[in-house]
Amino acid sequence: MFRPFAAVMLLALSCLAAWGAEGRRPIFEAEQTIAVSGSYYLTRNLETALDVSVLAFVGTGQEVVDLDLNGFTVSSSGAGSMPTIAVSNLKSFQIRDGGIAGTGTQDGVDVTDVGLVVIEDIRFENPDFGVELNQVTQFQIRRNVIESPVRFGIVASGTPAATSVGTIEDNLIRDIGPPPSPQVVGGVFVTNDIKGVTVHGNRIVDSTGRGIQVQTVGPAEVTKNLVENVELGIVLVANGCSVTDNVVEGATQEGLSIQSVYRVQASCTIARNVSSGNGSDGLRLWDAGSRVDGNVFNNNGGYGIWFIGDHNGYKNNTIVGNALACILDSGTGNVALGPNLLSGTGCP
């Protein structure tokens with residue numbers, strides 16, 4: 001005769017066997033430091049009021065960690081500056097599916113010296129920095145919502161070997177700043193020795209600082225981003241770039257500001273962007289040897305395009321209703337490669 005108790009025991013044993021085979025490890029409590037590879041998941045919300053990280057993952061450079069927030073929220077409610085989640089010296093770290101909340105003084109996720117980082121489907125609320133990456137070789141930051149960061153939504157800083165590459169895509173960052181003291185703030189900030197980066201499909205809205213700033217020693221691709229109501233729209237310093245299909249509106253300064261590292265000829269492609277209704281120029285181009293094709297630079301408070309660099313070409317652009325003039329050419333060898341629609345003050 002099959003007994004109910006036996007059925008329950010068999011079910012429990014089968015669940016334990018499945019859990020063991022899957023290898024996932026539950027996290028029940030906050031204020032933990034974990035130094036072992038594994039696939040971890042939260043079982044409830046975790047919070048600390050102390051100046052410590054809710055969770056810290058610290059390794060020797062070989063550990064692989066996967067953290068599933070499992071729909072729960074990790075939060076710091078104190079006034080300290082320790083990151084809510086701190087990660088250092090791992091081979092790889094992946095985190096997804098949940099919330100991270102702070103009081104404006106803590107970073108949401110702070111990562112240093114990790115080979116591969118994936119951060120996806122996280123909702124950040126009131127961090128200092130939402131995501132801060134330092135000396136990360138590869139990174140993928142995608143589909144996150146970062147609400148009310150005090151200084152930055154996402155920051156990625158490279159390595160002295162200039163080997164860091166990554167993608168930042170499909171994130172929403174809004175209500176950035178103001179910081180407690182005057183300083184640079186913004187939505188996406190990529191700097192130092194990043195070798196190459198793609199910033200794609202992000203929305204950065206309502207910032208007291210910059211929307212997107214990318215500075216790389218290699219190529220950069222900035223595409224299909226929406227930047228609204230910020231100080232500077234998209235600022236790019238790179239050795240080669242593709243800036244395409246972005247919309248920048250309502251910046252108090254330039255919509256697009258693009259230059260090459262050390263002002264060498266970088267041959268950037270600047271195409272099909274809309275940079276309109278900004279307080280200064282639609283495009284300020286410090287670069288040399290770039291192509292400006294099929295953009296709309298309308299109703300800006302400065303010039304439609306201000307060429308500061310040399311030997312750039314432009315065609316098929318609509319440049320209408322800008323306060324100072326359609327185009328200011330302060331460089332040499334900048335030429336129209338085809339027709340452009342020019343209309344307004346100071347235009348031919």
Side-chain angles (χ1 to χ4, degrees), residues 108 124 127-133 141-157 166-179 182-192 194 197-216 220-238 241-259 268 270-287 295-302 304-306:
F124 296 84
D128 185 14
F129 293 39
V131 175
E132 183 171 9
L133 308 180
I141 315 298
R142 57 197 179 206
R143 299 189 306 274
N144 302 286
V145 175
I146 305 177
E147 298 269 8
S148 304
V150 172
R151 286 191 286 173
F152 289 100
I154 299 168
V155 172
S157 180
T167 60
I168 299 170
E169 59 183 343
D170 298 328
N171 301 282
L172 170 61
I173 307 171
R174 60 189 174 195
D175 297 328
I176 306 160
Q183 55 190 285
V184 174
V185 301
V188 172
F189 193 69
V190 180
T191 187
N192 291 342
I194 299 292
V197 66
T198 297
V199 181
H200 171 83
N202 301 282
R203 291 179 291 159
I204 295 96
V205 181
D206 298 332
S207 171
T208 58
R210 300 173 180 190
I212 297 170
Q213 178 163 329
V214 175
Q215 180 173 333
T216 74
E221 182 177 347
V222 180
T223 65
K224 296 186 178 179
N225 300 283
L226 170 65
V227 180
E228 292 182 325
N229 303 326
V230 301
E231 179 187 43
L232 268 166
I234 296 175
V235 181
L236 186 61
V237 182
C241 64
S242 176
V243 182
T244 61
D245 302 295
N246 300 285
V247 176
V248 182
E249 296 179 331
T252 58
Q253 298 183 28
E254 301 99 88
L256 303 174
S257 179
I258 298 172
Q259 59 184 293
C268 286
I270 304 160
R272 301 180 304 279
N273 301 284
V274 175
S275 179
S276 296
N278 302 299
S280 185
D281 309 318
L283 168 63
R284 187 173 296 181
L285 184 58
W286 305 73
D287 203 2
N295 303 278
V296 176
F297 304 121
N298 289 352
N299 302 316
N300 295 290
I305 303 175
W306 182 359

N278 side-chain N/O to G250 backbone N/O, donor-acceptor pair under 3.5 Å: yes

Interatomic spacing from CZ in R143 to CD in E169 - rounded to 0.5 Å: 7.5 Å

Side-chain touch H200/E221, heavy atoms, less than 4.5 angstrom: no

Do I146 and I154 touch side chain to side chain, with heavy atoms closer than 4.5 Å? yes

Taking the side chain from N300 and the backbone from E254, do they hold a donor-acceptor pair closer than 3.5 Å? no

Mark yes or no for whether S207, through its side chain, and G209, through its backbone, hold a donor-acceptor pair below 3.5 Å. yes

Those residues at least two apart in sequence (or on a different chain) that pass side chain to side chain contact (heavy atoms under 4.5 Å, CB included) with N298 are S276, V296, T318, V320

Would you name the heavy atoms of S275 and G282 that are closest together and state the gap between them? OG-O, 2.8 Å

Which pair of heavy atoms, one from N225 and one from G201, lies closest together, and at what distance? OD1-N, 3.3 Å

Distance from R284 atom CZ to I305 atom CD1, nearest 0.5 Å? 13.0 Å

So N144 and F124, do their side chains get closer than 4.5 Å, heavy atoms only? yes

Please lay out, stage by stage, how D206 and I176 fare under the test side chain to side chain contact (heavy atoms under 4.5 Å, CB included). CA-CA 6 Å; D206 298 332; I176 306 160; over 6 Å; no

Quick check: do L256 and N273 have side-chain heavy atoms less than 4.5 Å from each other? yes

Can you name the closest pair of heavy atoms from G108 and P127 and give their distance? N-CB, 4.0 Å

Using side-chain heavy atoms (C-beta onward) and a distance below 4.5 Å, is V199 in contact with T167? no

S157 side chain near L133 side chain, heavy-atom distance below 4.5 Å: no

Within-4.5 Å side-chain heavy-atom neighbours: I258 and L283: yes

Report the residue from D245, N246, T223 that forms a side-chain hydrogen bond (donor to acceptor under 3.5 Å, both in side chains) with R272. D245

Please determine whether salt bridge (Lys or Arg N to Asp or Glu O under 4.0 Å) holds for the pair D128 and R151, giving the CA-CA distance in whole Å, both sets of side-chain angles, and the decisive distance to 0.1 Å. CA-CA 6 Å; D128 185 14; R151 286 191 286 173; 2.6 Å; yes

Out of I234, V227, I212, N171, which residue meets the side chain to side chain contact (heavy atoms under 4.5 Å, CB included) rule with V188? I212

I'd like to know whether N295 forms a side chain to side chain contact (heavy atoms under 4.5 Å, CB included) with I270, so could you lay out the CA-CA distance, the side-chain angles of the two residues, the decisive distance to 0.1 Å, and finally the verdict. CA-CA 8 Å; N295 303 278; I270 304 160; 4.1 Å; yes

So, do L236 and S257 sit near enough that their side-chain heavy atoms are less than 4.5 Å apart? no

Do you know which two heavy atoms are closest between V230 and R210, and how far apart they sit? CB-C, 4.5 Å

Under the side chain to side chain contact (heavy atoms under 4.5 Å, CB included) rule, collect the residues that match up with R203, sequence neighbours excluded. L172, L226

Distance (rounded to the nearest 0.5 Å) between F189 CZ and F152 CZ: 5.0 Å

Strictly distance-based, threshold 3.5 Å: is any side-chain N or O of D170 a donor or acceptor partner for the main-chain N or O of N202? no

